[in-house]
Amino acid sequence: MDAGLDMRTTGTKSDDSILSILRLIVQGIVSIAKSHWVTLVNFWRPTVCERYPHKDKSLDYKPGPGYKGDFALITDKEKGRLRCIACQSCERACPNHCIRVVPAGKGKDRYPAEFYIDVGLCMNCEICVEVCPVDALTMTPDYECSVHDPRDLIRNIKQLTERGMEFDEVSRVR
Amino acid sequence: METRSDLRTEELLINMGPQHPSTHGVLRLVLTIDGERVVQAVPHIGYLHSSMEKIAEAKTYRQYMPFADRYDYLNAMGNELAYVRAVEKLCGIEVTPRCEYIRVIMAEMNRIASHLVYFGTLGLDTGSWSPFLYCFREREAIIQLFEDTSGQRLLYHYFRIGGLRNDLPSHFCDKLAEFLDYFPARINEYNDLLTNNIIFQRRMQGIGYLSPELCRRYSVTGPNIRGAGIPYDIRRVVGYSVYPELEFDIPTRPEGDAYARHLVRVEEMRQSVRILKQCLEKLPEGEINVKVPRRLKPVVGEVYERVESPRGELACYLISDGSEKPWRLHWRAPSFYNLQVLPELLKGAYVADTVAILGSIDIVLPDVDR
Amino acid sequence: MDSSLIFTIGNALRTWLEGLCRAHGVPTLVVDILAWGTGAVLVVVLGLLVALFVIWLERKVAGYIQTRLGPTRVGPVGIFQTAMDALKILQKEDIIPRGADYWLHLAGPVLYFTALVLGFAVIPWDVKATLAATVDLNVGLIYVIGVTSVGVLGVVMSGWGSNNKWSLLGAMRAAAQIISYDVPLLLALICVVMVAGTLSLTRIVELQGSAGILGWYVFKPYLWLPFIIFVICGTAEVNRTPFDIPEAESELVAGFHTEYSGMKFALFFLTEFDHMWFVGLLGATLFLGGWYSPLGAADPIPGFVWLMIKSFIFVLVLQWFRWTLPRLRVDQLMGLAWKFLIPAGFVALAIVCVAVLFI
Amino acid sequence: MAAEQWFANLSFYVVALVTLASALGVVLARQVIHAACLLLPTLAGIAALFALLGGHLLMAIQILVYVGAINVLIIFAVLLLHRQVDRQRRILAGTQHLFAGVTGAGAVTLALVVGALFSNLPQLVGGEQGRFGDDVVAGIGEMFLTKYLLAFELTGILLLVTMIGAIVLARKERDQ
């Protein structure tokens, strides 16, 4: 078996005596038997598949809080309006320039008239959430973002507000 | 290859890649082969070039953080560590002990995950399919912990300048301890399946010989140089972070062939388990973040910060001109240097060895091209 | 030994047809030709169906070995997955690469498939399987080896005809491999022939059945070494891991069938899995007592079913090999054949000589 | 029995035609690889002729040795050869039409003559069986070890010498 095993490189000499060949055969059989034992053991181990689009109860996976998924804008439930003050910090901080905020109103009543996030461009770094001075923007454990048309990846203020209804605070690791 | 002068066989010029299942990405190797032997191999790189270094010049120090994840995607935590340490050194920021320990935990977990991918893909390269799936099963445990901690599964953006995104989740230490308990037994199992398998041994032994001399000439680092018998490990040589407080060995093998490199990586996984166990024991309580100014403006100057990535010496070279953005950033990416030695290793190898040798030096193509 | 119902019906049909022919003055040859044709079609159809099943089995076995599930979507436990795949592959475009040698590109898969189907002609399915295409050739074993080794020509043709260097490398490897592994395989089979004293597959099975389960050749200690050689060479003949170097996804990008698509690819695919089953059939015939039941003569299960069960044991073992072992290198493959298996074959031959003479 | 004779004759003509046509192809093919591949139906056709004559052993051996081994080796050699061979053959191509005509005519004549000779095929069916009875293999084996022992052994020695010679020729020069 060691025809092409060129020992020039390692400096050791290949030993061609009958004894060493017999040892090689025995060693080979033992090692191959061991390998087969490993696969046999694993044959009976539980499978790790998660049949993703098929959601049955035991397999339905939900990432924990703090997962960097789709975006949401949090609504201040007491005041009945978005927390966002359209300060555009997130827009400036985003490394990929995938956020665009159109502010409206003046002073204390400043609010976002439009809020676009291009999820297709986003790289889930969460910098925008961190720079937000009023904790208005959050990333949610929502990970199913696939669409047929890339234009559908641009989130607008309506979608973001709707998703944010489930959240009172920024989603964080606990 | 010496043949008789009157017996001429045709030499074949053959393109391996950029679309080839075993080049670990879009690497193109132009092979001149004589029968099954490789006469000459020329790697062509750059198919994945993505201006990772140039991007830095247009981003602030904080904004560049997520990009640091992205070029060596198997070692995202390690890349972040290199970048974060470089910036902190530039700004003179000292992080808390707990933060240092968590960073080391993350880097070592990432090292295990990266070596598992290496182990599995080397199995694929040599024609064995099952190790790949098994390794990914074990890797999944680590990835799950990363996901619970950083919110992402591959490109984490978990480290921050002066700290971390958040503290560890409550179940982290128990889960990790559980993993560390069963993982060494699994390594033994996979050794039985692949490493000690006689076919695999015979395929890997004696191919792709890397001499210490060659390592020095091409500045090969990481498990590759340790497989050639030189105990060169940045964790020991520089002793950054909390590594001097931890006990671990630098595994080396004297043979210098592909099999030696493989054994070194397998042993490194065990050493990482050892480091992680100590880290869990010693993990101090306390804050994870220190106060860092919102607008980060380091002084004019430059730093060169080295860490040990699973592929070798990973360094971040930063030059600051005093503004919010780095004037220049350079990655000393280990894969790039390790790949350069490939033509030397492939001379006289079989076509089948080509993929095995390429697998054994363990490159990540985005890391090569950046 | 019960022959199965199908064969009984077939034989009755045949007798009736012959009577009909005689009554109307039509030569009975017509019935013969009809029977041969029917049998041949039956065997080919059976082969294709089994190939679909073996592919499904392979995916399931691979799945569970790798702690996955394998196909689950089409039909219960995904049993119709491969049938659907076959339907899909039928609709695919038949791509012929630019610069390819059209006729060789076409002839390759056809020859590969034909060579295998020819081999099925002499497999003894059951004790009275004369209706099926089974021919009790008195040189059956040589015929099987000869015919199946023709398949490699198909591989070489497609490798050359694809105008792809990887395919060419695969073809060259395949040619070298098959020629090398035919030698130890023949040596192992000669051992069986020496014990049986005949080359006819039907006779070999009958000889094994005469002494109950212990009469099977696999239970004769002096035939263990030939049996092991047969399994190893059988794996090599069907180009499966660890001997799949002509295909070698990770090196040669699937080798000789890289450039194939659609039905031509399906032919390669089906033939490969059918070939595996064929090796199982051959192994069952030569070493595991063919159609004989391990329970003895009073067993109501038809012999055909037993043959299937035995051949699928081989198939499962080959699949287990595949999902466990890494691939050999080209020189190691040759080294294994010439340095280990052929000497081992001669040793086995010597042992069997002594055994035949003195036992 | 007339029907059977008719069937046997028909089979013979079909097989003979295929064999001759592919043999012609071997000579006329423009590319070496095509010629080598066309050897396959030629040799297989001869095997089929053996089968029609009842010589099953010869048929099996013909397939095993000529088709399975020698033809594969020929193709293997073609794959390894330099492309120059193609160019040399193209020089022949100028005279090809004349060549084709002559060979074709000859082959058809030959086919007719052979067909006429074998038209009483059923008498000849069972050639081997006729000689050795039921067990052809044993019969031929016995012949080898008795009547033709010397020839058999000499052939063996010749093959051995050839093998050693081939190994010596193909051996690589040892590195100093």
Side-chain angles (χ1 to χ4, degrees), chain B residues 9-17 19-24 29 31-33 35-38 120-138 140 192-207 349-359, chain C residues 58-59 61-70 159-160 163-177 232 235-236 239-255 258 319-336 339-340:
Chain B
T9 46
E10 192 176 3
E11 281 181 357
L12 211 59
L13 198 72
I14 196 161
N15 252 313
M16 188 179 238
Q19 286 88 29
H20 188 282
S22 300
T23 49
H24 295 229
L29 284 171
L31 302 176
T32 313
I33 56 172
E36 286 273 350
R37 290 269 191 182
V38 177
T121 48
L122 188 67
L124 283 187
D125 289 345
T126 50
S128 182
W129 287 78
S130 299
F132 183 69
L133 274 294
Y134 297 157
C135 287
F136 267 64
R137 178 182 57 188
E138 306 321 332
E140 181 61 28
D192 274 348
L193 178 59
L194 193 69
T195 314
N196 298 334
N197 187 301
I198 189 153
I199 301 176
F200 181 78
Q201 276 184 359
R202 295 265 139 183
R203 285 222 32 196
M204 300 302 285
Q205 281 169 349
I207 62 165
Y350 285 93
V351 175
D353 290 341
T354 310
V355 290
I357 292 171
L358 186 63
Chain C
E58 171 102 47
R59 292 169 71 175
V61 166
Y64 278 98
I65 279 183
Q66 299 172 345
T67 64
R68 297 184 286 118
L69 287 170
W160 173 275
N163 190 29
N164 178 325
K165 288 168 183 171
W166 296 112
S167 303
L168 187 63
L169 269 181
M172 278 163 59
R173 285 178 173 192
Q177 176 177 343
I232 296 175
T235 320
N239 295 340
R240 286 178 64 85
T241 319
F243 306 107
D244 64 340
I245 60 156
E247 288 159 42
E249 284 105 321
S250 56
E251 300 151 23
L252 298 188
V253 211
T258 306
Q319 288 174 349
W320 190 12
F321 284 169
R322 172 161 181 189
W323 299 109
T324 303
L325 295 173
R327 184 185 305 122
L328 288 154
R329 205 197 300 151
V330 129
D331 58 313
Q332 291 167 342
L333 186 88
M334 292 294 140
L336 183 65
K339 288 186 181 171
F340 285 84

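Chain letters run A, B, ... following the sequence lines, proteins first, then strands; residues in each count from 1.
Comparing B:Leu133, B:Leu193, B:Val355 by how many heavy-atom pairs each has under 4.5 Å with chain C, the most go to B:Leu133. For the options B:Leu124, B:Thr354, B:Val351, B:Asp353, heavy-atom pairs under 4.5 Å to chain C are most numerous at B:Asp353.
Using a 4.5 Å heavy-atom cutoff, the side chains of B:Asn197 and C:Leu325 are in contact. Residues C:Gln66 and B:Arg137 are not in side-chain contact: their nearest non-hydrogen atoms beyond the backbone lie 4.5 Å or more apart.
Residues B:Asp125 and C:Arg327 come closest through the heavy atom pair O-NH1, 4.0 Å. Shortest non-hydrogen contact noted between B:Ile199 and C:Pro326 is CG2-O, 3.8 Å. Taking every heavy atom of both residues into account, B:Ala352 and C:Arg329 meet most closely at CB-CG, 3.7 Å.
Using a 4.5 Å cut-off between heavy atoms, B:Phe200 touches chain C through backbone and side chain atoms alike.
With rounding to the nearest 0.5 angstrom, the CG atom of C:Leu328 is 10.0 Å from the CD1 atom of B:Ile198.
No donor-acceptor pair under 3.5 Å is formed between the side chain of B:Ser130 and the backbone N or O of C:Thr324.
C:Trp166 and B:His20 have tilted rings, their planes meeting at an angle from 30° to 60° on a 0 to 90° scale.
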